Number of protein chains: 4
Amino acid sequence: MLDKNDVSKRQLIIQAAAEIFSTRGYHTAKIEEIAQQAGIGKGTVYEYFQSKEQLFRDTVKEGITIVDLAIQEQIAQETTTRGKLIAFARKTIEIGQKYRFIAKLFIMDTSFMDHDFHEWLVERYGQSLKTIENIIRDGIAIKQLRPLDAACFAQVLSGGIGTVAGPLSLVEITPQNEERIAAEIVDYFLQGISLER
Amino acid sequence: MLDKNDVSKRQLIIQAAAEIFSTRGYHTAKIEEIAQQAGIGKGTVYEYFQSKEQLFRDTVKEGITIVDLAIQEQIAQETTTRGKLIAFARKTIEIGQKYRFIAKLFIMDTSFMDHDFHEWLVERYGQSLKTIENIIRDGIAIKQLRPLDAACFAQVLSGGIGTVAGPLSLVEITPQNEERIAAEIVDYFLQGISLER
Amino acid sequence: MLDKNDVSKRQLIIQAAAEIFSTRGYHTAKIEEIAQQAGIGKGTVYEYFQSKEQLFRDTVKEGITIVDLAIQEQIAQETTTRGKLIAFARKTIEIGQKYRFIAKLFIMDTSFMDHDFHEWLVERYGQSLKTIENIIRDGIAIKQLRPLDAACFAQVLSGGIGTVAGPLSLVEITPQNEERIAAEIVDYFLQGISLER
Amino acid sequence: MLDKNDVSKRQLIIQAAAEIFSTRGYHTAKIEEIAQQAGIGKGTVYEYFQSKEQLFRDTVKEGITIVDLAIQEQIAQETTTRGKLIAFARKTIEIGQKYRFIAKLFIMDTSFMDHDFHEWLVERYGQSLKTIENIIRDGIAIKQLRPLDAACFAQVLSGGIGTVAGPLSLVEITPQNEERIAAEIVDYFLQGISLER
DNA sequence: CATGAATGAGACTTCATTCAT
DNA sequence: CATGAATGAAGTCTCATTCAT
């Protein structure tokens, strides 16, 4: 019971931290704010996390894991290349809306952080891209797609979608048009936009 | 002489600020560091800029202006839609390499800043996208491109290229392959990647 | 217990501030000095007061209140006009000695401060004078005093006594001669110093 | 000619300093402000005064000397005790109005200053009081006044008048009523305010 | 002599972290 | 375990003073 209590309090803090870090950024966020958001005392945060930096890392790691799992799950339900790509796009957009704070965590300036963490983040980013790369490679293998640099493409696709889904987006997104926008974007890539040929 | 001196010293500080803000981020950058980088005293910075925040704003504005001009200039030299888009892509990639700090400035977390500045940044970003939108609209008008949401497309293209050019990029870029990568990316969009149809 | 602790620590800081502000003046006083004087850390001061200026204001307000109360109390115990005026003079002199720092707070240059505070100070000063004005008016009403401008007189009396009691005083004051000096000064005003008429 | 030029520039700075120190106080006054007020460059101030503190001292000394001379001169023209005292009062009030900055210089917080200067200020203050003391002593000698502690009285009189003339005064003073107020105050002291005896 | 650009010591203030309760 | 009062390191900014022109 105590254990369960502990776990839930740790989670409580992470939730609060995600919220505050997202809206205020790492440096502007204050430990006291996070504690208040979590409805606990300032000192308690330090019972569960060694430092502000550690709390940030754990919050980011947890966030990324959740988002990644959600996307993977969605993709697994599709069978066609286009279906998988649209699923990826739609979920990315949805998350960018619903969990805007996670999206922001990625855009946030983290270069000041511990070198190891930065490396971890880059590696993790690479893993995320692998998901798309694999879809592409599969598509090439079954001759649905033309041969191309899957790594480069994955980054362009992910970056393109992420930008539309992100906090600086100028495209108005509602729950109703998520699907349509996802399809539109994917088709830029699949069909191309040129009328010639 | 004095005038020239003034201008160059202000510029000197902006250069140093761009360097330090880029590598360290706004909050981690210290005024003293910037002054050292510029080879001047701490107090001198305040002779040219009212505050750290003001220095940051001016640095960003100057950077954006330079980059924008460079891109516009490059595009103006091309006549075809594909040529313009590749020029945009190549210049964006080149700048992302050469002026990595400018690229970083955009990813940096600036949400904490003065509301007016944030609005200015968003508006300026919108202007940048207009450049692409116009290329696209022209292409549609002359039936080179199929009809599509130019605003959305501009954001996807710009985001896709920016990601490859940016500091988290996993695509290795050298002066030699800039042109090739730019063309490859643009062709994802123009020709599409699907073999079907 | 915590509550009592809080109150006493705030008071502790005010005491230290009164001491330091009095001997060093507002601008020369350093927050660190005040903290040291109070035997606490620099940061603790800011737990109880928003800023140095706020600390100064609260210190002055508290000091004035204490002094005013002490004077009022002393006057209330007297029945005759002369008795009240001497009580006022004696208490003012006594406080000028014992709480020299309060006396100094009044002479200090506060014109640079927040406009509202300055207004408050002037108003409060006016209130203090009212005490004397009322004594005078009562004296006139019962034909003990000749008719005169009570407001002007109050300021002359208060200024005259304050100067003798103040930090620039050239009159040597000891606990033994306080009473005598107070009476002497009051009699300048009551009897006059002229032998003619 | 050069010499004369030097003298007048030194004087120019002192005038500007008196103005600025009076309105802003020692610590809030900036050397640059004073230079601007004098219509010269910041560095030039240091050609004539070693430091800000030195400039302040010289400004105060000059101001006191001017005021003292003006008062002495006025008194010398009177023959009766009452005439001399009223002349003193009137001139003090007039100066408090016209040269409000000089009056403020005296109230200003100077305790932080160089010990020697503080001693000088106290001594000079004593000298000023001697003027009144002598009038009083003469009055006692010729049996116009009753015997009393001339030093104490001088301080009460001077403090009383100074307060009415000073920047915190609540008595409205106009060129028209200066004479009347001076007489009223002096008569508080000469005739007393009591109707009894 | 006159100037004002450059400087850096020093002050206020914030906030992550500690630790006694 | 939970807390929040206390702390002090560290950062921004001011301004008296210097000195090259």
Side-chain angles (χ1 to χ4, degrees), chain A residues 2 5-6 9 26-36 38-56, chain B residues 1-3 5-6 9-10 13 27-36 38-55, chain C residues 1-3 5-6 9-10 13 27-36 38-55, chain D residues 2 5-6 9 26-36 38-56:
Chain A
L2 270 182
N5 216 340
D6 279 9
K9 186 159 291 188
Y26 178 78
H27 286 101
T28 321
K30 295 174 209 152
I31 289 289
E32 189 155 27
E33 273 182 312
I34 293 172
Q36 265 176 11
I40 60 170
K42 202 192 334 179
T44 309
V45 173
Y46 285 87
E47 293 287 328
Y48 294 88
F49 302 91
Q50 280 184 25
S51 66
K52 186 185 182 183
E53 200 169 323
Q54 191 59 243
L55 170 60
F56 179 72
Chain B
M1 181 165 51
L2 271 183
D3 195 33
N5 217 340
D6 276 12
K9 182 146 302 182
R10 191 181 184 280
I13 296 171
H27 287 102
T28 321
K30 323 264 172 274
I31 289 289
E32 192 155 27
E33 270 182 316
I34 292 172
Q36 265 175 12
I40 60 172
K42 200 190 344 172
T44 307
V45 174
Y46 288 90
E47 292 284 325
Y48 294 87
F49 303 90
Q50 279 184 17
S51 65
K52 186 185 181 184
E53 199 169 324
Q54 190 59 242
L55 170 59
Chain C
M1 180 164 52
L2 273 183
D3 195 34
N5 218 341
D6 276 10
K9 182 148 300 182
R10 191 180 184 282
I13 296 172
H27 286 102
T28 322
K30 323 260 173 277
I31 288 289
E32 190 154 30
E33 271 183 316
I34 293 172
Q36 265 175 12
I40 59 172
K42 202 191 338 176
T44 308
V45 173
Y46 287 89
E47 291 285 323
Y48 295 87
F49 302 91
Q50 279 184 18
S51 65
K52 185 185 181 183
E53 199 169 323
Q54 191 60 243
L55 171 59
Chain D
L2 271 182
N5 216 341
D6 279 8
K9 187 158 291 189
Y26 178 77
H27 286 101
T28 320
K30 294 175 209 150
I31 289 289
E32 189 155 27
E33 272 182 313
I34 293 171
Q36 264 176 12
I40 59 170
K42 203 193 333 179
T44 309
V45 174
Y46 286 87
E47 294 287 328
Y48 295 87
F49 302 90
Q50 280 183 24
S51 65
K52 186 185 183 184
E53 200 168 324
Q54 190 59 244
L55 171 59
F56 179 73

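Chain letters run A, B, ... following the sequence lines, proteins first and then strands; every chain starts at 1. Please read all numbers here as calculations on a predicted model, not as lab measurements.
Nucleotide E:dG10 holds its C1' atom 15 Å from the NE2 atom of C:H27, rounded to whole Å. Taking atom CD of C:E53 as the reference point, atom C1' of E:dT13 lies 14 Å away to the nearest angstrom. The separation between D:I34 atom CD1 and F:dC15 atom C1' is 12 Å, rounded to whole Å. For the pair A:E47 CD and E:dT17 P, the interatomic distance rounds to 14 Å; values are reported in whole Å. When rounded to the nearest whole Å, the span between CD of D:E33 and P of E:dG4 equals 16 Å. Note: CD (D:Q36) to C1' (E:dA2) measures 16 Å, nearest angstrom. In this entry the distance linking CZ of B:F49 with P of F:dC13 reads 13 Å, nearest Å.
Residue order along DNA chain F, read from the 5' end via each residue's closest nucleotide, puts C:V45 first among C:V45 and B:E32. Judged by closest nucleotide on DNA chain E, C:K30 is the one of C:K30 and C:Q50 placed further toward the 5' end. For the pair B:G43 and C:I40, both in contact range of DNA chain F, the more 5′-proximal nearest nucleotide belongs to C:I40.
Considering only the side chain of D:Y48, E:dA2 comes nearest among F:dT12, E:dA2, E:dA6. Nearest to the side-chain atoms of A:Y46 among the listed nucleotides E:dC12, F:dT7, E:dA16 stands E:dA16. The side chain of A:I31 sits closest to E:dT17 out of E:dT3, E:dT17, E:dT7.
Across the strands present, E:dC1 finds no partner; the criterion is a Watson-Crick or G-U wobble pair with both atom distances under 3.5 angstrom.
For F:dG4, the base has no donor-acceptor partner in the side chain of C:K9 [N/O atoms by modelled type, under 3.5 angstrom]. No N or O donor and acceptor, one from the side chain of B:K42 and one from the base of E:dT7, sit under 3.5 Å apart.
Using a 4.0 Å heavy-atom criterion, one finds that C:A35 contacts no nucleic acid atom at all. Among the protein residues, A:K52 comes within range of the sugar-phosphate backbone only, with heavy atoms under 4.0 Å from sugar or phosphate atoms but none that close to a base.
Side-chain atoms of D:K9 do not come within 3.5 Å of backbone N or O of D:I40 as any donor-acceptor pair. D:K52 contributes a side-chain N or O that, together with a main-chain N or O of D:A29, makes up a donor-acceptor pair within less than 3.5 Å. The backbone N or O of B:T28 lies less than 3.5 Å from a partner atom in the side chain of B:K30, making a donor-acceptor pair.
Counting heavy-atom neighbours within 6.0 Å of C:Q54 CD, excluding the residue itself, gives a total above 12.
For the atom pair D:K42 NZ and D:T44 OG1, the distance stands at 11.0 Å (nearest 0.5 Å).
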